[in-house]
Amino acid sequence: MKKNSILMLSLALLLTACNNSGKSAASDNNEPETLQDSVQSEAPELVQEENKVPDFFKPTFEGNHVECNAPKDGENWVISEFIEGWEKHIIHTYKPDGKRVKIEIEDFDKMFKMYKDYDDMYKSENATFAKFSLLDLDDDQIPELWFQSANGEDGAFYAINTGKIALLITQNYHSSIALHKGTIQQSGGCGTGCHAAFYATVKNSEPGPTVRWFTEYDMEGEKVAENFMRDEKPITLEEGEKFVESLGDAIDINPKWYPLEGDVL
């Protein structure tokens, strides 16, 4: 009876979900006086040893805590990646053969709504986010989140800190994106003879000051107007130029993109 109880307890503990951390087994060799004491003291405290996630899975950001449910035969792998600084999960689903089915980011619908509500232009377009990348722009070990459409024309950057989501900047086919340390630059045309840039800063995974720059040229190519704004309030040309100079050259980054659906971007 005692052996059967120990065996049943061992099997039950070994069938737990897999995760990426564990403890070594411990045992107690004291002889108990009762059957209940026998189960509690003689049975080793079996906590499943480290059980690695499948070899085909690589975390999207180094240092994330990863857990997975050990699938039954023929069932999908469901792997949960927890980003501590975000206090949010990225859920990966794979077929048994390792082919990715989808990736789900916690609060994705909320983020996409923030993007659509940012500008009336986005409400009327059918842009969808098809991929994402994680970049630590402010070197605080917490990634910023960059979504893009399949063709890379539309997108948005978000800062996430302890559950709080902030939309930093958006992009569309009228604009281009350049990355600097702690700053995202969106620039493009704003009409005939008009050029504009928008700079969104991020520090400690929270939005910082923003800067806007406008310049206008006449038909002969002569500059007729130029101005800067900081947090939507006018600043001098000297202040604006000093800010732009402080950014230095754009960072040459080749982002690692992850598809939200399937394996093909």
Side-chain angles (χ1 to χ4, degrees), residues 16-22 50-54 56-71 76-95 98 100-118 122 127-150 152 154-171 177 179 181-184 186 200-208 210 253 255-263 265:
T16 57
C18 66
N19 56 58
N20 67 340
S21 62
E50 182 174 348
N51 192 343
K52 295 181 180 178
V53 297
F56 55 76
F57 177 78
K58 303 298 180 186
T60 58
F61 193 73
E62 185 177 355
N64 289 345
H65 179 71
V66 178
E67 296 180 350
C68 64
N69 291 327
N76 289 335
W77 287 91
V78 179
I79 303 172
S80 176
E81 181 182 5
F82 181 73
I83 301 182
E84 185 173 356
W86 288 8
E87 294 187 2
K88 294 186 183 297
H89 292 84
I90 300 177
I91 309 298
H92 306 255
T93 303
Y94 290 84
K95 291 182 178 180
R100 182 186 287 115
V101 177
K102 62 181 176 179
I103 304 179
E104 299 168 280
I105 298 179
E106 188 176 348
D107 283 336
F108 171 83
D109 290 344
K110 179 179 179 180
M111 297 180 204
F112 190 65
K113 185 177 186 302
M114 293 170 71
Y115 163 77
K116 297 289 279 188
D117 290 346
Y118 180 78
Y122 300 144
T128 58
F129 293 154
K131 56 187 177 181
F132 73 93
S133 184
L134 301 180
L135 303 171
D136 185 8
L137 296 174
D138 53 352
D139 292 333
D140 66 348
Q141 310 306 311
I142 301 174
E144 279 65 60
L145 175 61
W146 186 6
F147 284 116
Q148 274 193 352
S149 57
D154 301 284
F157 281 84
Y158 298 83
I160 305 175
N161 190 345
T162 58
K164 296 181 295 183
I165 303 169
L167 176 63
L168 295 172
I169 204 167
T170 66
Q171 67 175 112
I177 291 291
L179 302 177
K181 183 177 178 180
T183 303
I184 309 160
Q186 178 216 63
T201 64
V202 57
K203 185 176 181 180
N204 297 325
S205 292
E206 293 188 351
T210 62
I253 292 180
K256 169 65 176 176
W257 293 104
Y258 296 90
L260 293 171
E261 296 288 340
D263 272 327
L265 288 175

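The first residue in the sequence is number 1, and the count goes up from there. These values consider heavy atoms only, across backbone and side chains, with no hydrogens, waters or symmetry-generated copies. This is a predicted model, so every value here is computed, not measured.
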Side chain to side chain contact (heavy atoms under 4.5 Å, CB included) between Ile83 and Lys88, worked out: CA-CA 6 Å; Ile83 301 182; Lys88 294 186 183 297; 6.0 Å; no
Close side-chain approach of Pro59 and Val53, heavy atoms under 4.5 Å: no
Non-neighbouring partners of Trp146 that pass ring-ring contact (aromatic ring centres under 6.0 Å, His included), sequence neighbours left out: Phe157, Trp257
Closest non-hydrogen atom pair between Val66 and Phe57, with its separation: CG1-CE2, 3.8 Å
N/O donor-acceptor pair under 3.5 Å between Trp86 side chain and Pro143 backbone: yes
For Lys203, salt bridge (Lys or Arg N to Asp or Glu O under 4.0 Å) partners two or more places apart: none
Euclidean distance, Lys116 NZ relative to Thr128 OG1, rounded to 0.5 Å: 8.5 Å
Main-chain N/O of Asp139 paired with Asp136 side-chain donor or acceptor, under 3.5 Å: yes
Heavy-atom check, side chain of Pro54 versus side chain of Tyr94, under 4.5 Å: no
Closest heavy-atom pair and its distance - Arg100, Tyr258: NH2-CD2, 4.2 Å
Full working for side chain to side chain contact (heavy atoms under 4.5 Å, CB included) between Leu167 and Ile165: CA-CA 7 Å; Leu167 176 63; Ile165 303 169; over 6 Å; no
Chi angles and distances behind the side chain to side chain contact (heavy atoms under 4.5 Å, CB included) call for Ile184, Glu144: CA-CA 11 Å; Ile184 309 160; Glu144 279 65 60; 5.9 Å; no
Heavy-atom side-chain contact between Thr201 and Thr210 under 4.5 Å: no
Side-chain donor/acceptor of Ser205 to backbone N/O of Asn161, under 3.5 Å: no
Closest approach of His89 to Ser80 (non-hydrogen atoms, all atoms of both residues): CD2-OG, 2.9 Å
Those residues that, when tested against Phe112, pass ring-ring contact (aromatic ring centres under 6.0 Å, His included) (two or more places apart): Tyr115, Phe129
Spacing of CD1 belonging to Ile160 relative to CE belonging to Met111, to within rounding of 0.5 Å: 3.5 Å
Inter-residue atom distance Ile90.CD1 - Asn64.CG, 0.5 Å rounding: 6.5 Å
Interatomic spacing from CD in Glu106 to CD in Glu81 - rounded to 0.5 Å: 12.5 Å
With Asp109 via salt bridge (Lys or Arg N to Asp or Glu O under 4.0 Å) - residues at least two apart: none
Donor-acceptor contact present, side-chain Gln186 to main-chain Thr170, <3.5 Å: yes
Partners meeting ring-ring contact (aromatic ring centres under 6.0 Å, His included) with Tyr158 (sequence neighbours left out): Phe147
Minimum-distance pair of heavy atoms, taken over all atoms of Leu168 and Ala200: O-CB, 3.4 Å
Spacing of Ile103 atom CD1 and Phe132 atom CZ [to the nearest 0.5 Å]: 4.5 Å
Inter-residue atom distance Leu134.CG - Glu62.CD, 0.5 Å rounding: 12.5 Å
Salt bridge (Lys or Arg N to Asp or Glu O under 4.0 Å) against Asp140, all qualifying residues, sequence neighbours excluded: none
Residue pair Glu84 / His65, side-chain donor-acceptor N/O under 3.5 Å: no
Phe108/Leu260 under side chain to side chain contact (heavy atoms under 4.5 Å, CB included): CA gap, chis, key distance, verdict: CA-CA 11 Å; Phe108 171 83; Leu260 293 171; 3.9 Å; yes
